2 protein chains.
Amino acid sequence: MTNTRTTDRADVGVVGAGLAGLVAARELTAGGLDAVVLEARDRVGGRTASKSLSTGGTIDLGAEWIGSEHARVLELVDEFDLELCEQYRSGVDRVAVTGEVFEHEERFRALAPESTAELRDAFERVETLRRDVPLEAPQEAAEADRWDGTTLESWKREVLATDAARETFDAFVRAEFAVEPTQLSLLSFVSAVDAGGGLETVTDSGGVTQEYRLAGSTQQLSQGLAETLGDALRLSEPVRRIDRRGDDVTLETSDGSYVVSNAVVAVPPPLIERIEHDPPLPARRRGLLQRMPMGAVIKCVAAYEEPFWREAGYSGSVLATDGVVSEIADATLPDGDRGLLIAFVAGGNALEWSERPASERRERVLEECARYLGSRAVDPLEYVDEAWSTTRWSTGGYNAVMAPGTVTTCGGALREPVDGVHWAGSETALEGRGFMEGAIRSGERVANEILEGLGG
Amino acid sequence: MTNTRTTDRADVGVVGAGLAGLVAARELTAGGLDAVVLEARDRVGGRTASKSLSTGGTIDLGAEWIGSEHARVLELVDEFDLELCEQYRSGVDRVAVTGEVFEHEERFRALAPESTAELRDAFERVETLRRDVPLEAPQEAAEADRWDGTTLESWKREVLATDAARETFDAFVRAEFAVEPTQLSLLSFVSAVDAGGGLETVTDSGGVTQEYRLAGSTQQLSQGLAETLGDALRLSEPVRRIDRRGDDVTLETSDGSYVVSNAVVAVPPPLIERIEHDPPLPARRRGLLQRMPMGAVIKCVAAYEEPFWREAGYSGSVLATDGVVSEIADATLPDGDRGLLIAFVAGGNALEWSERPASERRERVLEECARYLGSRAVDPLEYVDEAWSTTRWSTGGYNAVMAPGTVTTCGGALREPVDGVHWAGSETALEGRGFMEGAIRSGERVANEILEGLGG
């Protein structure tokens, strides 16, 4: 074997071709810089991923919903002329907690009045807490130390007294953050909610973050961006080493080296330290990366002859703690004659069930769908699922979250560039964090950082 | 460049030549197996590290103290004929909290009686909690969910009322675990204390875990073990990939491949996922590794003409929250005519101060030593420090700890082998966890796992 390694030069090297990295590259190119994008997978899109069902149609294995306030996503939908579909929301939502199934047209009003009132009060408290947490520097909140030292579990036990409200809150945290309430601090939760746009957007199942989906998968957004980049995009080329010792930054892959003035790292936080950094990253940056685990989620999709639950008056929306499934939703496309359900196994359940045989998982998930939406659920035309925790290049989903005691000790390092290396990804966003919107905005932010640093 | 990669075969491949890996290799060899040890650094010993001072003498930059109950360490000391020194413990200890400096011959009795009583009660409560936490499976404690969802910070605020007791507890947690009380759950703390031998051993500054040191560094233990391994030890050869797809396990380094029947991974947990695993590790194993950050510590050593603090009646032992230093101790060797002090900056302070210029760190640390032990501290013959968070192959110290919500969701994966890959390291120990003793015992455990698996 002879050495076929090459050395290329570019103004900017972007690590990761998810939405954040692709947007950064496009903005940098538009700003007159020469950018190369290095992607480990053989595809673009990161945590967006399309799959063709063998029985026809294309589904989302990853990020799916688009909110009406997600302006950047909607601009790309327009630009690439994609088809937006409204989320189905007629009928009643179901909430399965404490061994019972409650229902209402709005899921957070399904419980008994006392529990509903408790939940509403808790959500209002979070909105109040938000006002005391600076968006760009949550570690500077007056009560930061206490709130970062209190788990969301402890806070829940303090503010919610009924089992029904507590279990609904658990299901909500798993459904929205894919972690257990024991794994977040109150401060990291409030900060994530704040950067995500507030609880009004997060709690309303028919609300502004789950208003639309795309016919044919959200991966099309990344595919559209990739087309504009042409040869600048290199697939199947994971970056193994980032050398910052000189004035330039050198990105090394198994195929070659890229010498750049600035780099953008736009991969899930736990993957950043899988790259060898020379010199090692600063202590707080490293401390942060060791304390930002990914959530855990298995997304399950079942296709049926028709959306049978609608006939029974159900919206398809379920929130649950009584089984392994935390959330179910109707994912039927408007022009499809078939019915699609998506179910999420999240948090601790996802860590456990990712290791179970696929057939056992299918049986269990469909049984739970049947319990809430009708017995026809056990017999789909087709069933597929994706356990994101076992994927090589995402290592979990939906997002990385900060463990208790992280915001106050390491939070300041989240967006702080290190020797010409800039940090993107939805986790770093100040708007739309945790959503595709945040990924796009983070790409714009790092592009601006670099262009402004050059006196642009 | 031509391909000089080689493929070797062995019964067992050991990743990491710290105490755990070296002991495993020796035990496996004694059991009749052929073992190869692959070490990333150009030295053995991991988080033990000797340094020669330019003014003479050899000090420990890493693990130093040996407890009187650390039987395995003491056996190696005997075997390699090393010189054990007793820790100096005459004079008064000092505790600097709430802006005051308290003193007593035993540091946990230095405070006002009310605070001392509170601390004693808290430590007794931990001992009581230990009885309800199964050593091998803390996740099975009856109250596991609640205790894993309560930070040590929340618990501290509940059981300690006085500021002096709270701050002393903070200093204790930083000094012993190198993390903030916000970063541990009550369950992970109790479990770590339990596997470490209990609080009686941990809290007593003159107690059974800090009874001895070695003349000439604890790294000699690893050096002694390495000599017995001969050619089986390969330095400067980091393992980049572990392939478990076939019946064998293949360990790949930049120099070659090693095909083995079983592998032992004995590196700090955050480094395990830096290795590419094919197929990816199971979800709970991965979830665990993403939730076991290293503590953060800067160990500082100052050498003086003489141990001047002894003349003033001080033991040299200081516990503090009033500055950046959490703990100070006398490290003078019995036959040395010079005085040695060691000071630890730990937890959040270590993350922050690892990034400061070395000269600024030196000035601040010595000023604090002077405040507690006399003004001569500011003018040492020599000062050196090691910021373990910035080291390439340790990434922090003393140990990895489980973040809140980790024991209950991922704790079961801690020692569970994956396709012939076994997990060692002090963090996995059931005795002496967090100490060199635990590293040695973990090496013995994995060797037994493998030998027994072969029907030995």
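Residue numbering restarts at 1 for every chain, and letters A, B, ... go by the order of the sequence lines. Model, not experiment: these values are computed from the prediction.
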So for B:D278, is it side chain, backbone, both, or neither that comes closer than 4.5 Å to the heavy atoms of chain A? both

Tell me, for B:R240 versus chain A, whether the close heavy atoms (under 4.5 Å) come from the side chain, the backbone, both or neither. side chain

Please identify, among A:G348, A:S354, A:P270, the residue contributing the most non-hydrogen atom pairs under 4.5 Å to chain B. A:P270

Interface residue of largest heavy-atom contact number with chain B, from A:R274, A:E180, A:M292, A:R286, under 4.5 Å: A:R286

Heavy-atom distance under 4.5 Å to chain B: side chain of A:P282, backbone, both or neither? both

For A:Q290, is there any backbone N or O sitting under 3.5 Å from a side-chain donor or acceptor partner on B:R291? no

Would you say the side-chain atoms of A:S154 pair up with the backbone N or O of B:G149, donor to acceptor, closer than 3.5 Å? yes

Under 3.5 Å, is there a donor-acceptor pair between the side chain of A:T390 and the main chain of B:A283? no

Between A:D148, A:T395, A:T150, which has the largest tally of heavy atom pairs under 4.5 Å with chain B? A:T395

By number, which residues in residues 181-191 of chain B have some heavy atom less than 4.5 Å away from chain A? B:T182, B:Q183

Highest number of heavy-atom pairs under 4.5 Å with chain A: which of B:E153, B:K156, B:R146? B:R146

A:R392 portion near chain B, given a 4.5 angstrom heavy-atom threshold: both

Which members of residues 399-408 of chain A, sorted by number, sit under 4.5 angstrom from chain B on a heavy-atom basis? A:A403, A:P404, A:G405

So, A:E355 side chain and B:R284 main chain: donor-acceptor pair closer than 3.5 Å or not? yes

